[in-house]
Amino acid sequence: MGRRVRIDPRRLTPRRAVLLLALAAVAYASTHLSCDRPVPLGEVPLGQAHARQLHDVLVESEGRVVLVMPDDTRGARHQHLLVEVAGGFTVKLAHNIDLAPRVPAVVGETVRFRGVYEFNEKGGVVHWTHHDPDGKHPGGWIRHRGRTYE
C-alpha cells in the first residue's frame, strides 16, 4: 500500500483541500479501476490497446503475416491471419469471408488493417475487418498489395 500522510488541519486552506481531493481521486482510480473493462468504441493505437488490455476498441495498424490459419466455418465463415505488429506481439485478424472477399495474403507479406480489437493473453483479436451490411457499426478493412478487402 501507499504511504500515509498526516495533514495539519491548521494549514489546510480551501485550495489545498481541493488539491488533496484531486490527488486522492487519481490515486484511487489508478489502483481500483481495471483497464480490462469494455470501453466505448473509439479509435485507440493498437499498442496502447494491447498494453492496457482493452476490449471493443477501434484500431488501425499494420504488420507482417506470420501464419495463415485454417478458416473457421462454424456459423459465419472467417479467415484467420496471425500478424506480427510493431511492439513485437501478434494479433489474430478474424475476417468475415461471408461479408467480404478473402485476402490472398501469404506468410511474410505485410497487411494493413482496421477493425475492433479484443485483448486476450495471446495478443488479441481484431474483428469487424469488413463493412457492416446494416450500417450500424464502423466499417473495417484489410489492405493487401494495394487492394482493400471490406
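Only a predicted model underlies this, so the values are computations on that prediction, with no experimental measurement involved. Values reported hereafter were calculated over all heavy atoms of this structure, with side chains retained and with hydrogens, waters and symmetry mates removed.
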field: ILVMFWY network linking V103 to W141, side-chain heavy atoms under 4.5 angstrom
entry: no
field: Any donor-acceptor N/O pair, D71 side chain to T73 backbone, under 3.5 Å
entry: no
Taking only distance into account, with no hydrogens and no angle test, what donor-acceptor pairs under 3.5 Å do side-chain atoms of residues 82-89 form with protein atoms, sequence neighbours excluded?
residue	atom	partner	partner atom	Å
E84	OE1	R64	NH2	2.9

task: Report the distance from atom CG of N96 to atom OG1 of T129, rounding to the nearest 0.5 Å.
output: 8.0 Å
- prompt: At what distance, to the nearest 0.5 angstrom, does OG1 of T90 lie from CG of L67?
  reply: 9.5 Å
query: Do E118 and D56 come within less than 4.5 Å of each other through their side chains, counting heavy atoms only?
result: yes
query: Just by modelled atom types, is the V106 backbone N or O under 3.5 Å from a matching donor or acceptor in the E109 side chain?
result: yes
message: Is the shortest side-chain heavy-atom distance between F113 and R143 below 4.5 Å?
response: no
query: Do V44 and L58 touch side chain to side chain, with heavy atoms closer than 4.5 Å?
result: no
query: Can you tell me how far CD1 of I142 sits from CZ of R114, rounded to the nearest 0.5 angstrom?
result: 13.5 Å
- prompt: Side chains of Y117 and H50: does their closest heavy-atom pair fall under 4.5 Å?
  reply: yes
- request: Assess whether side-chain contact (heavy atoms from CB on, under 4.5 Å) is satisfied between L81 and Q79, documenting all intermediate values.
  value: CA-CA 7 Å; L81 302 172; Q79 175 184 18; 4.0 Å; yes
message: Within this structure, what is the NE2-CG distance for the pair H78 and D98, rounded to the nearest 0.5 Å?
response: 8.0 Å
- prompt: Would you say the side chain of P104 lies within less than 4.5 Å of the side chain of H144, judging by non-hydrogen atoms?
  reply: yes
Pair D134 + K136, salt bridge at N-O below 4.0 Å: no
statement: side-chain contact (heavy atoms from CB on, under 4.5 Å) test vs H80 passes for just one of V68, D72, V125, namely D72
field: H131 side-chain N/O to E150 backbone N/O, donor-acceptor pair under 3.5 Å
entry: yes
- line: Distance col, row H95:NE2 vs R77:CZ, nearest 0.5 angstrom, shows 11.0 Å
query: With a 4.0 Å cut-off, would you call R112 and E60 a salt bridge?
result: yes
message: Quick check: closest heavy atoms across A49 and V59, and the distance to 0.1 Å?
response: CB-CG1, 4.3 Å
query: Looking at side-chain heavy atoms only, is the closest gap between L99 and P133 below 4.5 Å?
result: yes
message: Is there a continuous path of hydrophobic side-chain contacts, each under 4.5 Å between heavy atoms, that joins V65 to Y149?
response: yes
message: When you compare the side chain of M69 with that of K92, does any pair of heavy atoms fall below 4.5 Å?
response: yes
query: With side chains defined as the heavy atoms from C-beta onward, is the minimum distance between V111 and L93 less than 4.5 Å?
result: yes
